[in-house]
Protein chains: 2
Amino acid sequence: MHKSAYMNMDKHVDIFKALSDNTRLRIMRLLIHAGRELCVCEITDSLQESHYNVSRQLKELKIAGLVREQKAGRWVLYSILKAKDKFQKFILHAVENIPEDIFITDLQRLKIRLSLRKDGKCVIGLKSKEWGK
Amino acid sequence: MHKSAYMNMDKHVDIFKALSDNTRLRIMRLLIHAGRELCVCEITDSLQESHYNVSRQLKELKIAGLVREQKAGRWVLYSILKAKDKFQKFILHAVENIPEDIFITDLQRLKIRLSLRKDGKCVIGLKSKEWGK
DNA sequence: TTATTATATGCATAAAAGTGCATATATGAA
DNA sequence: TTCATATATGCACTTTTATGCATATAATAA
């Protein structure tokens, strides 16, 4: 399509596009469920995906404006960015309302992974390999 | 990602994917706004896209379960399929809540196009060319 | 400094998606 | 039947996206 000023729906299309991928949707649901910041290795272990893939998909979610990033030493923490308009609110509600059983394994692994935090912080690195991918 | 039974989020990903395209998003918004069945040529004229592209994108929306199709003689009428679960409800609300000004030109052309109906039905074919694409 | 570790990214490749053109299908009209 | 018209689709081509591997960056520890 030719683009013009009055048809700038790219931002919205980009958000749909960001959610059009299994890994990214799993990350979004994980972050929504967690309701707090998670570091890359916690997400990676919960999903049992490659760390570089998780890293890349997080970047795309960030570009789309769905998550935010915060550095904490060697760790980088990601969390859901508060919805800025009605559109984003409904999008987040949609993701929230996908049946939980689809994500249950991710969520169970997250629970275990979070129990390994010390003082509310992740202190270990990637455990995916040890957990037997 | 490898697929397995407990991770069947394809349906949801497919819906996001269906909305990850400018043309398809414009069609969705047009149908939501119209609140009734529209034939392919009415949609084509409103969007001023090629008829074969509109036809193709409608098919994808149908496969994703977002619209339904009904034949009426030579015409094929499309309309928004009622949401079957919370997820779809929120998705439709999201699309509804994208600022209207982005779609205003499409909506204006639809209004004109609908005024050409006779007995509530489209009786002319494609007018895009005459309308000066 | 050097080593370690958490995260990010460039490159290569494969798969998927978007789209124009030509053509096919299907229904109604003549 | 033959023609016209509304819609659909196969093919070809280009662009985009996904992803593994290797490597780079950045922060901490030793």
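As the structure is a computational prediction, the values presented were derived from the model and not from experiment. Protein chains get the first letters and strands the later ones, always in sequence-line order, with residue 1 at the start of each.
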message: Which nucleotide wins on minimum distance to the side chain of R74(B), given the candidates dT9(D), dT28(D), dT27(C)?
response: dT27(C)

field: Side chain of T23(A) - closest among dC21(D), dT19(D), dT17(D)
entry: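 Nucleotide nearest to T23(A)'s side chain: dT19(D).
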
Return no unless some side-chain N or O of [X] is found under 4.0 Å from OP1 or OP2 of [N].
| X | N | answer |
| --- | --- | --- |
| S55(B) | dT7(D) | no |
| Q57(A) | dT19(D) | yes |
| Y52(B) | dC21(C) | yes |
| K59(B) | dA8(D) | no |

Could you tell me how far apart [X] ([atom1]) and [N] ([atom2]) are, to the nearest whole angstrom?
| X | N | atom1 | atom2 | answer |
| --- | --- | --- | --- | --- |
| Y78(A) | dA6(C) | OH | P | 15 Å |
| E42(B) | dT5(D) | CD | C1' | 15 Å |
| L61(A) | dA18(D) | CG | P | 11 Å |
| R24(A) | dT19(D) | CZ | P | 8 Å |
| I27(B) | dT7(D) | CD1 | C1' | 13 Å |
| K71(B) | dA26(C) | NZ | P | 7 Å |
| E37(B) | dA6(D) | CD | C1' | 16 Å |
| D21(B) | dT17(D) | CG | C1' | 14 Å |

field: L31(A), L61(A), L66(A), L30(A) screened by side-chain contact (heavy atoms from CB on, under 4.5 Å) with I80(A), the one that passes
entry: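 It is L31(A), the one option of L31(A), L61(A), L66(A), L30(A) that forms the side-chain contact (heavy atoms from CB on, under 4.5 Å) with I80(A).
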
query: Side chains of R26(A) and E49(A): closer than 4.5 Å at any heavy-atom pair?
result: yes

Electrostatic pair R109(B):D106(B) at N-O distance under 4.0 angstrom: yes

query: Within the structure shown, what part of the strands sits under 4.0 Å from I124(B) by heavy-atom distance: base, sugar-phosphate, or nothing?
result: sugar-phosphate

task: Between H51(A) and S20(A), name the one whose nearest nucleotide on DNA chain D is closer to the 5' end.
output: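 Of the two residues, S20(A) wins.
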
- prompt: E60(A) or E69(B): which one's nearest nucleotide on DNA chain D is closer to the 5' end?
  reply: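 Result of the comparison: E69(B).
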
message: ring-ring contact (aromatic ring centres under 6.0 Å, His included), that's the test. Do H33(A) and F103(A) meet it? Break it down for me.
response: CA-CA 10 Å; H33(A) 177 88; F103(A) 303 96; 9.7 Å; no

statement: So the salt bridge (Lys or Arg N to Asp or Glu O under 4.0 Å) pairs with at least one residue in residues 62-71 of chain B (sequence neighbours excluded) are E37(B)-R68(B), K62(B)-E69(B)

query: Is there a donor on the side chain of R56(B) or the base of dG20(C) sitting less than 3.5 Å from an acceptor on the other?
result: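 Flag set: donor-acceptor pair detected.
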
